[in-house]
Amino acid sequence: MRIGVDYYPEHWDRQLWEKDAQLMKEIGVKVVRLAEFAWCKLEPIEGQYDFKWLDDVIEIFSVRNIEIVLGTPTNTPPLWLYEKYPDAIQVNESGERQFIGIRGHRCYNSSSMRKYTKAIVEAMTERYANNKAVIGWQIDNELDATHCCCDNCTEKFRGWLKNKYSTLENINKEYGNVVWSGEYSAWSQVTAPLGGSPFLNPSYLLDYNRFASDSMVEYIDFQREIIRKNCPSQFITTNTWFTGNLPNFYDAFENLDFVSYDNYPTTNEITDEEELHSHAFHCDLMRGIKKKNFWIMEQLSGTPGCWMPMQRTPKPGMIKGYSFQAIGRGAETVVHFRWRNAIIGAEMFWHGILDHSNVKGRRFYEFAELCREVNKINEEIPDYKINNEVAILYSSDQDFAFKIQPQVEGLYYLQQLKAFHNALIRLGVGTDIINWSESLNKYKVVIAPTLYLTDDNVTTELYRFVEAGGTLILTNRTGVKNMNNVCLMEQMPSNLKECAGVVVKEYDPIGHSIHTIKDEAGKVYQCKQWCDILEPTTAKVIATYNDDFYIDEAAVTVNKYKKGNVYYLGTVFNSDYYIELLSKILDEKELPYYKKLPYGLELSVLENENGKYLMVFNNSNEIKCFEGKHEGKSIIRNELDGKSFTLEPYGIEVLQLVE
Amino acid sequence: MRIGVDYYPEHWDRQLWEKDAQLMKEIGVKVVRLAEFAWCKLEPIEGQYDFKWLDDVIEIFSVRNIEIVLGTPTNTPPLWLYEKYPDAIQVNESGERQFIGIRGHRCYNSSSMRKYTKAIVEAMTERYANNKAVIGWQIDNELDATHCCCDNCTEKFRGWLKNKYSTLENINKEYGNVVWSGEYSAWSQVTAPLGGSPFLNPSYLLDYNRFASDSMVEYIDFQREIIRKNCPSQFITTNTWFTGNLPNFYDAFENLDFVSYDNYPTTNEITDEEELHSHAFHCDLMRGIKKKNFWIMEQLSGTPGCWMPMQRTPKPGMIKGYSFQAIGRGAETVVHFRWRNAIIGAEMFWHGILDHSNVKGRRFYEFAELCREVNKINEEIPDYKINNEVAILYSSDQDFAFKIQPQVEGLYYLQQLKAFHNALIRLGVGTDIINWSESLNKYKVVIAPTLYLTDDNVTTELYRFVEAGGTLILTNRTGVKNMNNVCLMEQMPSNLKECAGVVVKEYDPIGHSIHTIKDEAGKVYQCKQWCDILEPTTAKVIATYNDDFYIDEAAVTVNKYKKGNVYYLGTVFNSDYYIELLSKILDEKELPYYKKLPYGLELSVLENENGKYLMVFNNSNEIKCFEGKHEGKSIIRNELDGKSFTLEPYGIEVLQLVE
Amino acid sequence: MRIGVDYYPEHWDRQLWEKDAQLMKEIGVKVVRLAEFAWCKLEPIEGQYDFKWLDDVIEIFSVRNIEIVLGTPTNTPPLWLYEKYPDAIQVNESGERQFIGIRGHRCYNSSSMRKYTKAIVEAMTERYANNKAVIGWQIDNELDATHCCCDNCTEKFRGWLKNKYSTLENINKEYGNVVWSGEYSAWSQVTAPLGGSPFLNPSYLLDYNRFASDSMVEYIDFQREIIRKNCPSQFITTNTWFTGNLPNFYDAFENLDFVSYDNYPTTNEITDEEELHSHAFHCDLMRGIKKKNFWIMEQLSGTPGCWMPMQRTPKPGMIKGYSFQAIGRGAETVVHFRWRNAIIGAEMFWHGILDHSNVKGRRFYEFAELCREVNKINEEIPDYKINNEVAILYSSDQDFAFKIQPQVEGLYYLQQLKAFHNALIRLGVGTDIINWSESLNKYKVVIAPTLYLTDDNVTTELYRFVEAGGTLILTNRTGVKNMNNVCLMEQMPSNLKECAGVVVKEYDPIGHSIHTIKDEAGKVYQCKQWCDILEPTTAKVIATYNDDFYIDEAAVTVNKYKKGNVYYLGTVFNSDYYIELLSKILDEKELPYYKKLPYGLELSVLENENGKYLMVFNNSNEIKCFEGKHEGKSIIRNELDGKSFTLEPYGIEVLQLVE
């Protein structure tokens, strides 16, 4: 494990380069990322490359044994390219070409963009393929599944559809285009989703999302091939993030060496325990993409702000704590954004480790301490893995589909997952978040929230898992549709109703109204957003509704199916019920958990050949006391040796567990 | 009276057609509406019609004695038409042609649209003119007075203006175009309201609204003539609704056989008694358009939702209750939308009677009960009329004008009418809502809220009505403008100040501030939104303001004028004052009403040659007790015979009154 | 001092002209403004002028000794001009030409617009140059620094940049265009800020604002030269206002004779003492532009409303009171908008002195009383000056820059100034608001809030001022940037840190969170929006933070520097702390103030050769009692003679002070 920084030599006077590199070396920075926005400096005039400055920068870091990741600069083509080839720029849903002067507005499917991408990536990779200091490549920057509506994208989308459905007749059938007389009678009638109306056909909108994701993935692959050819020994990744148009993360990283992620935990203090805020969720999701450790390519170092007003400055401990939080979830390398605030350009108030003044401040000293501690721990735990027995299934298709047709006020796909993840954190239980199409062999408990779209392979694997003795948790809005976003003509949860032993008789989209349920012990819990009214076939009712016309009807059931158990939750709860229910399930499965972990403490277990290490992170602004289950020896603080200790706000402790 | 359903055979496998029809027959459905969005199935290729499938569907219903209404499918032209004739599509206020893939975006004034409308309507009507099962036609679907800004509309608007004003000089004068140097010096300067700025001339904006309504009406008439020519014995209607661009309802239905309306009462429970929610208002307005009974062409059957999040599911009783509510207001036929939820397309979460699963559920059984009860009552009351002695005047021009220039936060034209209507419902008094230009002969009390624009014929009729002994109620914002949306250079209420016996000295647009008035008995009531400070000439003051600089000034007056009385309400009240004032007036006019009708109970009296029938609807989620004035005999429940009874939430009772 | 009205003869029947003029004369109106929107009446056909009607109007006023100001009508060119020369119309940030039918959408840089501007202004000025009744000219109407994005503006902007920076290389360097590869390699890549993205380079956006202001100023100058040539003895001004795109007021009026301002105080009653509402601030700012008295060209006369809902009607006293408030701040002439409500066009509910009915009402009689009192006072105080010893520095560049990059929720540049101004009003202290580049010689206390951008000349003058013994007050967000909107690589307050004796160690943008500070006496005050954590070098700490991780760190400091004192306020307060701190500073500087002035009372001192006059305005809706410091004699009410008196709501008193 190690710490890096994002550095923009092109923003600074040359005289600062050596000073900055020297200071990084002194505090223990091990890696820098460079050049991902520097196209206009690398190719100021079409075909005329200038790598000299970058050579110099690399040399400065190289002699200090700081390793280098280079970004391909394709996120921001130079203005001469846009001017000469306007088709390189995206077209928005109004049919208008985006205006220049911003970033990330290149079209993945533009042939001009491809041509110039190839040229710059060829030139860079040829130059640095054999540079020992350059360890790897970041493709572009924060790519997303942009819904470009240009003619190139439209034409390519038609091809994508032909490939998937062969004929317009098939498309009309699969999409149900007969509704509102929307049947295509010629390919020319197929367009990008111009107008952006939510009245557009939901099957078509879901496919356009898939096409947009595929276009992004293809563009990544286009670059990857060039890089791999020239640089066989350097790694290739790209830095992903959570944006409006999420790609399919699993496709995006399939051919890349590992996942990288840009991680900006909120700097606002959390006061509502029901707020599903933990960036641990995102890190667990990132680790799950390739089921191995990953990088943070950009990590919180100061308050964000720029075009939007600034947020709170990170509180003491946050910079260190959130970096460790990521490490504890599998982030082997954490690169902080950025070394120093920009003094120029639109991002000048997106704060880095050093302020505009270049005077060392509180954040710098905390970062230096982070480097020191990480380097120390790295001696003990140079590599590690994270193994969990509980998994949550994620599907980018579900996420797409939920955005197209919001089901009720307040109900969001990711929130459904986060609610379970949050409860598991509160219980101190490590969780994998994996693609819903994964094999579930290694897990004892699988949580599959909101399987709204239905995939037959997934269904088969879920049955296999339950039959073999696994515990499966299902929720409301499962089995609603087929993979074309068309409703199933079946009672929910459709294919899963046999193993769930229950059908949905009716539902009430209650939105922000608060209702209650009562469990078997007569204890009452709040529920919200959605109420499935359940009719058990073989399942046992473990909670009933407590009000409205469905009072006393089933709200939560469990079904013994072959060797396994299937829970069905017909409504959405606050954390109290999830914690209660999961505790019971963990007991059944004899999985260890913490009954009274103080709110805010987040645990993770790192394993390597030397043994197991428990990381405890205090994700709160109060001092918290941890009462451990096993003896452990701190590998940060020599004096600490035992089960219990206190943690400062956002404080961290790593214990080598005594088996 | 009878119940129908909206059915979309083109959305379903053929094998379902017979099953669906058979089930409808079994539960007592009497009519289906078909085909209003099916153009692409009826004319898949230009000029090549396919009626075979529709023949089959009609036959299936026909043999089961279920009658059929056909919609002309012009709301959603097929894509080949849009592709070949882009001028068939509306242009928005930014001057951009709408994008395809949605619905209702055809331009009424497009010659291509007219040509293809003629062809499809000719073909359909020729085919089904002599089909005995086909009883009538619905023109298009949910037409509105769209403000299309295409070149065709612009050119036609110029012609409309020439016809109305002859010369640009006249327009300049009538509109006051001199303001901001807006005088036209050439016809080419006259455009559609491109840019959509609220700074545009209000006289012009009102005329564009009228032109848009006229365009819609002309398009209806264009279709009506074709249908009438081919189908002399079938009825012709169209289904109207409340939308952003309301047409003139009276013009729209002038040449049609009866009014149809799409009725979706809210499924949310009402908790605030001041919320002016009752869909009874809309039904009364619909009955008033042609002063006779009407149809509901689409009636609530499940939660709406689609592009927007779903609302609450209808509570038990709502599906039946709201259907009866409409019947009680003159809806002879209520067609429920829709038989079964769509499984495809953008409307798949706009819920019907049957769910996606096609399994009979709570809503189905309630609907079946509705059919049974309606069929039973229909034996007793096969036809009926509704006669009232109180009327509220409605004017689409006032509604237009109020939207162009919102007078103050919180004051809306329709709310002004609803406040009175709501108070009359609370008093159990039946009310007609009629065009302001109607004869008032049959009424004893006429409420004319907010006669903002002034029409001389209306004024004459109001004087005639009062002189003959009628009681007229006027409100604030009366006599502000002439019919060109130009302010009158007179003290309000202008032409009506003689009969009102009062002038408006000054006004204070108080918006959401709460003020109070005091009546003659010293009782204090809240008022809001607007305060006219009144100066009585001959009127008597019956309430004064109780605060601000106009404390003790007149707020409400009554004037004895010839044989009649004219009330003037200078401000806006909560229901308590309206109920108090209307009680007094009803007493004066010796009109019967209920002093203590429980909140939520809605009464209506249906008359036919056999006598009078009292319908009581419990529009609330609580059990309510009704204490009648007259003996009555239930024609639903044989056991019920007397004055008093309780009603379940959303329950209904129909009593034959003993005279 | 005198009162005028805005009059639109072109809106009214000719027969009203004499009646209106006669009534104005009778009540004591001294001046009218005419014709600023009348282009289509003055030049109905290209090149054919019609001045006859205006001659007649001028004659009608002239014979009654009412003086006339003529507006050049260029705000609203006639439709024939737009039709023939579309380039006369602005293009918005989407690249679309604005649609016609509104106002103020002419492009200052259009050559067609310039050509026709020249023609109409030449014609008007030639005609009325020697008319004795015409005393001056208003150029256009409510000009603003519109961000037109047309080709003409783009081309001109390129020239503006060439003139400022000579080369693209310099622009790239000064703007930091390297960020996101935004370097220009050809002039054709320089555009107007199309797309309007807040992600655009902030240095560029600031320059476009400056260019837009310069374009406006150049257009003013273009007209001024024509008028001055023809009308050497008539004054020239323009009426400015507060709009979204504020120009540089100092540039705008540099070559004009005096400032005019359109003044619409809110008619809503103020209930929150923290609301920074006083229009006194705007008047003081206007007086400061040319450091002399000014005109109000449009003054509140009734509730505004039109395209937006109407506000409250002015309460009794407001029309008179707010007119006097302006006079007391240096408005020698107050022209009320407007004589009578329009009955036509988009502004018909922007209320004037007379209502649509033309019947004299409450507002008319109050206005007549205003005329009478002003005319009476004018006999005593025909001319006057206002001299203050406290100044607040204003900079339009700061205002621009703050809008481009909002620093934190709730923090606005003008609010920072208003907070101090408001506290000074509460202390009864007169304040100048002056351009930040002014000489500070005459002041004892200078408040320089938020010197975000850093100008070297301003810094020099501030040091000079402090060295000479002045007291300077600085705040958070000072010394952040250079004049190109690029961050300084220095600790804040940068150039001012020597005299402030303090540096900003770190900051926390707290936004709407409420924090507290503690002063030397241990008294606790709330603070908000922004917390600079201060490190004094030579300064003394006078308040510390009272919570969060910077508890006990310095929040407010004072530094003795040479003969002066420099205060630094690291955070933003409610009025209590500003009042407390300013009282202390006024005591130190031996400047008089009021310790217990009732909330709402606003004082100003008018001086002329006869002595000093104290104006007291009760800017509240309650009766207030004033306890004066000096004997005075009322020049309105003969009976009043002494120190203390009560004022009606919005009441006014003018005392000749006995020295």
Side-chain angles (χ1 to χ4, degrees), chain A residues 8 10-13 16 37-46 73 75-83 94 96 98-104 268-269 303 305-313 315-317 340-349 355-359 361-363 621 649, chain C residues 93-95 172 174-186 188-191 193-205 404-411 480-482 484-492 494 503-511 513 530-531 533 548-549:
Chain A
Y8 297 90
E10 70 274 27
H11 294 181
W12 304 105
D13 283 347
L16 280 169
F37 290 127
W39 195 339
C40 78
K41 280 293 175 207
L42 296 170
E43 190 181 4
I45 294 163
E46 184 176 349
N75 187 281
T76 53
L79 298 184
W80 57 256
L81 196 159
Y82 286 142
E83 192 177 25
S94 300
E96 291 154 2
Q98 299 277 74
F99 293 105
I100 61 170
I102 54 170
R103 77 182 215 189
N268 294 329
E269 196 178 326
T303 176
C306 284
W307 36 86
M308 77 284 201
M310 294 180 222
Q311 300 173 20
R312 300 295 303 266
T313 195
K315 291 193 185 302
R340 184 167 50 237
N341 306 352
I343 59 170
I344 49 176
E347 281 194 326
M348 55 172 70
F349 292 123
D355 272 324
H356 299 108
S357 64
N358 204 26
V359 173
R362 178 181 65 85
R363 299 198 310 283
N621 199 26
Chain C
E93 66 186 23
S94 301
N172 287 336
E174 295 296 332
Y175 285 6
N177 275 340
V178 63
V179 173
W180 297 349
S181 278
E183 295 198 328
Y184 299 126
S185 57
S188 51
Q189 293 157 8
V190 179
T191 65
L194 288 162
S197 170
F199 288 63
L200 291 167
N201 183 296
S203 303
Y204 156 79
L205 288 175
I404 294 169
Q405 290 171 309
Q407 299 290 293
V408 70
E409 291 277 354
L411 184 67
V480 178
K481 299 201 170 192
N482 72 14
N484 279 331
N485 216 2
V486 158
C487 287
L488 294 170
M489 216 161 159
E490 268 195 80
Q491 278 191 302
M492 291 169 281
S494 303
V503 292
V504 177
K505 267 202 312 197
E506 187 179 354
Y507 46 77
D508 190 7
I510 62 173
S513 297
W530 191 276
C531 294
I533 306 168
D548 219 315
F549 70 87

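Lettering follows sequence order; numbering is per chain, from 1.
Ranked by heavy-atom pairs shorter than 4.5 Å toward chain C, the options A/R362, A/E96, A/H11 are led by A/R362. In terms of heavy-atom pairs under 4.5 angstrom with chain A, the leader among C/G511, C/P406, C/S513 is C/P406. Considering only heavy-atom pairs separated by less than 4.5 Å from chain A, the leading option among C/P198, C/S181, C/P193, C/S185 is C/S181. For chain A, the option among C/C487, C/G176, C/C531, C/G182 with the highest count of heavy-atom pairs below 4.5 Å is C/C487. Counting heavy-atom pairs under 4.5 Å between each of A/W39, A/F349, A/W80 and chain C puts A/F349 at the top. Note on A/E347, A/M310, A/R340: by heavy-atom pairs under 4.5 Å with chain C, the leading option is A/M310. The greatest number of non-hydrogen atom pairs below 4.5 Å with chain A, out of C/G196, C/S188, C/S494, C/G410, is found for C/S188. Between chain A and the options C/E506, C/K481, C/K505, C/E93, the largest number of non-hydrogen pairs under 4.5 Å is found for C/E506.
For C/L488, the part lying under 4.5 angstrom from a heavy atom of chain A is the backbone only. Looking at C/Q407, the atoms closer than 4.5 Å to chain A (heavy atoms on both sides) sit in the backbone and in the side chain alike. Looking at C/N485, the atoms closer than 4.5 Å to chain A (heavy atoms on both sides) all sit in the backbone: N, CA, C or O. C/V503 does not touch chain A: none of its heavy atoms, backbone or side chain, sits under 4.5 Å away. Contact annotation for C/Y507: both backbone and side-chain heavy atoms come within less than 4.5 Å of a heavy atom of chain A. Neither the backbone nor the side chain of C/E174 comes within contact range of chain A; no heavy atoms are under 4.5 Å apart. Interface residue A/L16: only side-chain heavy atoms are found under 4.5 Å from chain C. Neither the backbone nor the side chain of A/P649 comes within contact range of chain C; no heavy atom of the residue lies under 4.5 Å from a heavy atom of that chain.
Between A/W307 and C/W180, the two ring planes are tilted [angle within 30° to 60°].
How far CG of C/N177 is from CD1 of A/I344: 8.5 Å, rounded to the nearest 0.5 Å. Of the inter-residue distances, the one linking A/D13 atom CG with C/M489 atom CE reads 7.5 Å to the nearest 0.5 angstrom. Expressed to the nearest 0.5 Å, how far CD of A/E10 lies from CD of C/E183 amounts to 9.5 Å. Distance CD1/C/I533 to OG1/A/T313: 7.5 Å, rounded to 0.5 Å. Note that CG of A/N358 and CD of C/Q491 are 10.5 Å apart. Values are rounded to the nearest 0.5 Å.
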Stepwise side-chain contact (heavy atoms from CB on, under 4.5 Å) check, A/K41 with C/V178: CA-CA 7 Å; A/K41 280 293 175 207; C/V178 63; 3.6 Å; yes
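Between C/F549 and A/N621 the shortest side-chain heavy-atom distance does not fall below 4.5 Å.
Across every non-hydrogen atom of A/I100 and C/Q189, the tightest pair is CD1-O, 4.1 Å. Here the shortest heavy-atom pairing between A/R312 and C/P509 reads CD-O, 3.3 Å. The two residues A/G345 and C/N201 make their nearest non-hydrogen contact at CA-ND2, 4.0 Å. Of all the heavy atoms in C/L200 and A/A346, the pair that sits closest is O-CB, 4.0 Å.
A salt bridge does not link C/D508 to A/K315: none of the charged nitrogens lies less than 4.0 Å from a carboxylate oxygen.
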